[in-house]
Amino acid sequence: MANDLQNKSQLTVLAIESSCDETACAIVRDGVVLGESISTQIPIHRLYGGVVPEIASRNHALNVNLVVGEALSQSGLAIADVDAVAVTYGAGLIGALLVGVSYAKGLAYAHRKPLVAVNHIRGHIAANYLAHPTLRPPYVALIVSGGHTAVAEVTDYTHLSVCGATADDAVGEAFDKVARVLGLPYPGGPEIEKLAREGQAVIPMPHPKMAGKYDFSYSGLKTAVINYVHTKEQRGEPYSKADVAASFQDAAVSVLAQNAVALAQEKGLNTIAVAGGVGANGRLREVLNNYAYPHGIRTLFPPKRFCTDNASMIGMEAIVQIRAGAPFADLSLDAVATIPLRSH
Ligand code: KG4
Ligand code: ZN
């Protein structure tokens, strides 16, 4: 469908996010969040040590209408006042995505609003436009979520060129798996960060890097941690879980910082914007700043609530797309579990 909103002076979008374990809605006007509601399922999935897809879908179905009502009431607007309905169509858990996509299609159809399909990872990147309104492409994006790990050159508002990515586990996934080995609850990232503050990075860890110039590999690092813990336990030797957490965390974040800074230098770009849940990690923030600062490169992080899954970033990305003249989706829109980053 043709985009007839590209040049409208003010754009207001209602955005829905349901790709994993957060059911969220936000009302975003240009770069400002007018209303936002998140229903988190973390306490439910914690009982199982990770996200159970079927339970996630059911809880999205229970909560989507509530978060939409709450976000609208916070904004003081009615659906009639919004210009478009935006929704995450992928990547994520297929059943979870389907709840948001079906709801958004129904809302758009009933209220005769255009529908904008948003790629979740592009939403994570767009969180930086919300938090740093002066940010303009080109810049380097460091993408660090539960499903993706990559460094990319964002060439303009709708194009990015992936220069390095993980060959196996995503960094967030590695945090979650290591946390499980250490007996920490889901989601593991914040728990590892907390425990690491009490320890020291003194245990040697493999460097999670691949042959490709900017590529990553986290499975070797994860296996090294698992072997270390199992060996200690089998031998009945004492060890410090806090030191394991600190050593793993330093190895995991250092390579991210090195690759992002090296790419920015090669491309002559002076900004690195971080996108995704692991961007909430304080040690990543510290290490990236330490690498980038001496090279005159600035680092941008969204506030923590915009790093992990939320609908405000989806609304912002929808506005970026509309402004760039991207066509609207139609009612044949379907959820997509996997969207290769390199395809964009
Ligand atoms: O971007 P996100 O919210 O969801 C996906 O799109 O995947 O990322 C979730 C990931 C989880 O693996 C979680 O453990 C990790 O982000 N994470 C963290 C922190 N907060 C969330 N990892 C390290 N340190 C944190 N503080
Ligand atoms: Zn995410």
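Side-chain atoms are counted along with the backbone in the values below, which use heavy atoms only and exclude waters and symmetry mates. Whatever order the structure lists ligands and atoms in, that order sets their numbers, starting from 1.
With rounding to the nearest 0.5 Å, the separation of SG in Cys25 from CD in Glu17 is 11.0 Å. A distance of 3.5 Å separates CG in Leu14 from CD1 in Ile27, rounded to the nearest 0.5 Å. One finds the CD1 atom of Ile94 at 9.5 Å from the OG atom of Ser57 (value rounded to the nearest 0.5 Å).
Within ligand 1, the atoms closer than 4.0 Å to a non-hydrogen atom of His120 are 6 (O), numbered from 1 in the order shown. Of all atoms in ligand 1, listed by their number and element, those nearer than 4.0 Å to a heavy atom of Gly147 are 7 (O). Which parts of ligand 1 touch Gly146 is read off a 4.0 Å heavy-atom cut-off, strictly below it: atoms 5 (C), 7 (O), 8 (O), 9 (C), 10 (C), 12 (O). Applying the 4.0 Å criterion to heavy atoms of Gly276 picks out, from ligand 1, the atoms 1 (O).
Among all protein heavy atoms, the one lying closest to atom 26 (N) of ligand 1 is Glu193 OE1, 2.8 Å. Of all protein heavy atoms, the one lying nearest to atom 24 (N) of ligand 1 is Asn281 ND2, 3.0 Å. Looking only at heavy atoms of the protein, atom 4 (O) of ligand 1 is closest to Asp309 OD1, 3.2 Å. Regarding atom 15 (C) of ligand 1, its nearest protein heavy-atom neighbour is Val278 CG2, 3.9 Å.
Residue-to-ligand polar distances place Gly277 within reach of ligand 1: an N/O pair is separated by less than 3.5 Å. Not a single N or O atom of Thr308, backbone or side chain, sits closer than 3.5 Å to an N or O atom of ligand 1. Some N or O of Gly189 is nearer than 3.5 Å to an N or O of ligand 1, by distance alone. Geometrically, ligand 1 and Gly172 share a nitrogen or oxygen pair separated by less than 3.5 Å.
In this structure His230 satisfies the side-chain hydrogen bond (donor to acceptor under 3.5 Å, both in side chains) test with no other residue, sequence neighbours excluded. Tyr109 pairs by the side-chain hydrogen bond (donor to acceptor under 3.5 Å, both in side chains) definition with nothing, not counting sequence neighbours.
With a 4.0 Å heavy-atom cut-off, ligand 1 is reached by no atom of Lys304. Neither the backbone nor the side chain of His148 has a heavy atom within less than 4.0 Å of ligand 1. In Asp176, the part holding a heavy atom less than 4.0 Å from any atom of ligand 1 is the side chain.
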Throw together a table of side-chain donor-acceptor distances under 3.5 angstrom for residues 178-198, partners on residues two or more places apart or in other chains.
from, atom 1, to, atom 2, distance (Å)
Arg180, NH2, Gly49, O, 3.1
Tyr186, OH, Asp21, OD2, 3.0
Glu193, OE2, Gly282, N, 2.6

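Classification of Glu266 and Lys213 as a salt-bridged pair holds, one side-chain N sitting under 4.0 Å from a carboxylate O. Between Asp83 and Lys113 there is no salt bridge, since no side-chain nitrogen of the basic residue lies less than 4.0 Å from a carboxylate oxygen of the acidic one.
A perpendicular orientation is assigned to the rings of His124 and His120, their planes being inclined by more than 60° (bins at 30° and 60°). Ring geometry for Tyr157 against Tyr129 counts as tilted: the plane angle lies between 30° and 60°, on a 0 to 90° scale.
Hydrophobic cluster membership is shared by Val225 and Leu284, with clusters built from Ile, Leu, Val, Met, Phe, Trp and Tyr side chains linked at under 4.5 angstrom. Note: the hydrophobic cluster containing Leu160 does not contain Leu263 (ILVMFWY, side chain heavy atoms under 4.5 Å, direct or indirect links).
If you count the protein N, O or S atoms nearer to the Zn ion (ligand 2) than 2.8 Å, you get 3.
The shortest side-chain heavy-atom distance between Phe216 and Asn259 falls under the 4.5 Å cut-off.
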